[in-house]
Engineer: 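Following this message is one structure expressed as structure tokens.
Note that the numbering runs from 1 along the sequence shown for the chain.
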Amino acid sequence: MTIIASLLRNAQLPDSPTERLDAELLLAAAIGKSRSYLHTWPERIVSSEAADVFASYLERRRAGEPVAYILGQQGFWKIDLEVAPHTLIPRPDTELLVETALQLQPASPARVLDLGTGTGAIALALASDCPAWQVTAVDRVDEAVALAERNRQRLGLDNVKVMASHWFDSLAGQRFDLILSNPPYIAAEDPHLAEGDVRFEPSSALVAGPDGLDDLRIIVDQAPEHLLPGGWLLLEHGYDQATSVQALLTARGFTKVASRKDLGGHERITMGRLPC
């Protein structure tokens, strides 16, 4: 028999920057309890079956597999999402897109579009906070569309429509008050692609040409045809791409172009407004 405290003490994840947190999340999942349970009852006995599951989780994490993929879920904003290896793992930095969209407060009810929705994180976070908004979430990957729809149904968000589309391809004639996207923005030869959790994430959701701007260029170029006058375009991008994205928006006629910093102090999102 093994107790919780012993399992955590002996859990070795030397290559993880969040070793203790990872171990707690994996053990809590293995025994079907919360992390707070681990701290409240450190002397509780763990069944041999649960201990074996925990050991298997640790082995997968030591091999580099992200905790979110091991557990099949990830928290984002105020919601919990199912995740899978064919979509990006929602990250705290992307919550800046949600926060900024809510601060802009387009007229309510508003029409909102999330391009490349993946798990549905951005669209579902906005829809949960703003039930008067009508949110469309699109992705070109069929598995991602199915995953986002499962998350929508589980959260009971009837003000979201999930559909297949490669950027704007299936949205002819539709216009929105607000368009958001966290598109691929990593350069093809970026060494970070061989490090950490991104090794397990789909390259199609990460890589965008030699300078990482290919998809951002497409979105900026086509967005004016799908924005209502005075509508906003909000884009997540790489830590060193703000100046380039600002230039793209300005050249396409957007006004009030500005960038905002993420939790690490990097300019992570850039926005622009279509003239009225």
Engineer: Within this structure, what is the CZ-CG distance for the pair Phe176 and Leu115, rounded to the nearest 0.5 Å?
Structural biologist: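 CG of Leu115 is found 8.0 Å from CZ of Phe176.
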Engineer: Please tell me if the side chains of Leu25 and Leu21 come closer than 4.5 Å, counting only heavy atoms from C-beta onward.
Structural biologist: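 In short, these two side chains touch, coming nearer than 4.5 Å.
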Engineer: With rounding to the nearest 0.5 angstrom, report the CD1 to CG distance, Ile79 to Leu81.
Structural biologist: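 One gets 4.5 Å once the value is rounded to the nearest 0.5 Å.
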Engineer: Let me confirm one number: the CG-OG1 distance from Leu274 to Thr255, rounded to the nearest 0.5 Å.
Structural biologist: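 Leu274 CG to Thr255 OG1: 7.5 Å, rounded to 0.5 Å.
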Engineer: Tell me, which pairs form a side chain to side chain donor-acceptor pair (under 3.5 Å) where one or both residues lie in residues 113-123, sequence neighbours left out?
Structural biologist: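 Pairs touching residues 113-123 that pass the test: Asp114-Thr117.
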Engineer: How far does CG of Asp129 sit from NZ of Lys78, to the nearest 0.5 angstrom?
Structural biologist: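 Going from CG on Asp129 over to NZ on Lys78, the span is 3.5 Å.
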Engineer: Testing Glu267, Glu99, Glu236 for salt bridge (charged side-chain N to carboxylate O under 4.0 Å, His left out) with Arg260, which one passes?
Structural biologist: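 Of the listed residues Glu267, Glu99, Glu236, the salt bridge (charged side-chain N to carboxylate O under 4.0 Å, His left out) partner of Arg260 is Glu99.
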Engineer: Got Leu213 and Val245 here, is their nearest side-chain heavy-atom distance under 4.5 Å?
Structural biologist: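 Touching, per the 4.5 Å side-chain cut-off.
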Engineer: Can Arg152 and Asp158 be said to form a salt bridge (Lys or Arg N to Asp or Glu O under 4.0 Å), step by step?
Structural biologist: CA-CA 8 Å; Arg152 185 200 69 77; Asp158 295 332; 3.6 Å; yes
Engineer: Within the side chain of Glu19, is there an N or O that forms a donor-acceptor pair under 3.5 Å with the backbone of Leu13?
Structural biologist: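 Looks like yes, one N/O pair under 3.5 Å.
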Engineer: Output every pair passing ring pair (Phe, Tyr, Trp, His ring centres under 6.0 Å) with a member in residues 255-276, not counting sequence neighbours, ordered by first then second residue.
Structural biologist: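 Those involving residues 255-276 are Tyr239-His266.
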Engineer: Once rounded to the nearest 0.5 Å, what's the spacing between atom NZ of Lys256 and atom CG of Leu104?
Structural biologist: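 Rounded to the nearest 0.5 Å, the NZ-CG separation comes to 9.5 Å.
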Engineer: If we only count heavy atoms from C-beta on, is the Trp77 to Leu102 side-chain gap below 4.5 Å?
Structural biologist: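 Result yes, sub-4.5 Å side-chain heavy-atom pair found.
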Engineer: If we ignore hydrogens and angles and just use 3.5 Å, is the side chain of Thr100 paired with the main-chain N or O of Leu97 as donor and acceptor?
Structural biologist: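 No, Thr100 side chain to Leu97 backbone: no donor-acceptor pair under 3.5 Å.
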Engineer: Distance only, no hydrogens: is a donor on one side chain within 3.5 Å (strictly under) of an acceptor on the other, for Arg60 and Tyr69?
Structural biologist: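 Note: Arg60 and Tyr69 side chains miss the donor-acceptor criterion.
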Engineer: Can you check whether Leu180 reaches Leu126 side chain to side chain, under 4.5 Å on heavy atoms?
Structural biologist: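 Answer yes - side chains close enough.
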Engineer: Consider only side-chain N and O atoms of Gln246 and Ser259, and report whether a donor and an acceptor are under 3.5 Å apart.
Structural biologist: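 Their side chains do contain a donor-acceptor pair, which is all the 3.5 Å distance test asks for.
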Engineer: Any non-hydrogen side-chain atom of Ile3 less than 4.5 Å from a side-chain atom of Pro42?
Structural biologist: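 With C-beta onward as the side chain, the pair stays apart.
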Engineer: Could you state whether Leu216 and Ile122 fall into the same hydrophobic cluster, counting links through intermediate Ile, Leu, Val, Met, Phe, Trp or Tyr residues with side-chain heavy atoms under 4.5 angstrom apart?
Structural biologist: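 No, no single cluster joins them.
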Engineer: Do Asp177 and Trp232 get their side chains close enough for a donor-acceptor pair, meaning under 3.5 Å?
Structural biologist: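 On atom types as modelled, these side chains do not qualify, holding no pair under 3.5 Å.
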Engineer: Using only heavy-atom distances, determine whether the side chains of Arg268 and Gln241 contain a donor-acceptor pair under 3.5 Å.
Structural biologist: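 No donor-acceptor contact under 3.5 Å links the two side chains.
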Engineer: Does the side chain of Ser165 pick up a donor-acceptor pair with the side chain of Asp169 at under 3.5 Å?
Structural biologist: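 Asp169 and Ser165 do not have a side-chain donor-acceptor pair below 3.5 Å.
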Engineer: Any non-hydrogen side-chain atom of Val135 less than 4.5 Å from a side-chain atom of Trp133?
Structural biologist: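 In short, these two side chains touch, coming nearer than 4.5 Å.
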Engineer: Are side-chain heavy atoms of Glu24 and Leu8 found at a separation under 4.5 Å?
Structural biologist: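 A side-chain contact under 4.5 Å exists here.
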Engineer: Mind listing the side-chain donor-acceptor pairs of residues 222-229 below 3.5 Å, one per line with the distance, residues two or more places apart or on another chain?
Structural biologist:
unit_1 : atom_1 : unit_2 : atom_2 : d
His226 : ND1    : Leu171 : O      : 3.3
His226 : ND1    : Gln174 : O      : 2.9

Engineer: Using the side-chain contact (heavy atoms from CB on, under 4.5 Å) rule, take Val46 and Leu7 through it: C-alpha gap first, then chi angles, then the decisive distance, then the call.
Structural biologist: CA-CA 9 Å; Val46 176; Leu7 286 172; 3.7 Å; yes
Engineer: Within the structure provided, determine whether Ser128 and Leu155 are in side-chain contact (heavy-atom separation under 4.5 Å).
Structural biologist: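 Result no, sub-4.5 Å side-chain heavy-atom pair not found.
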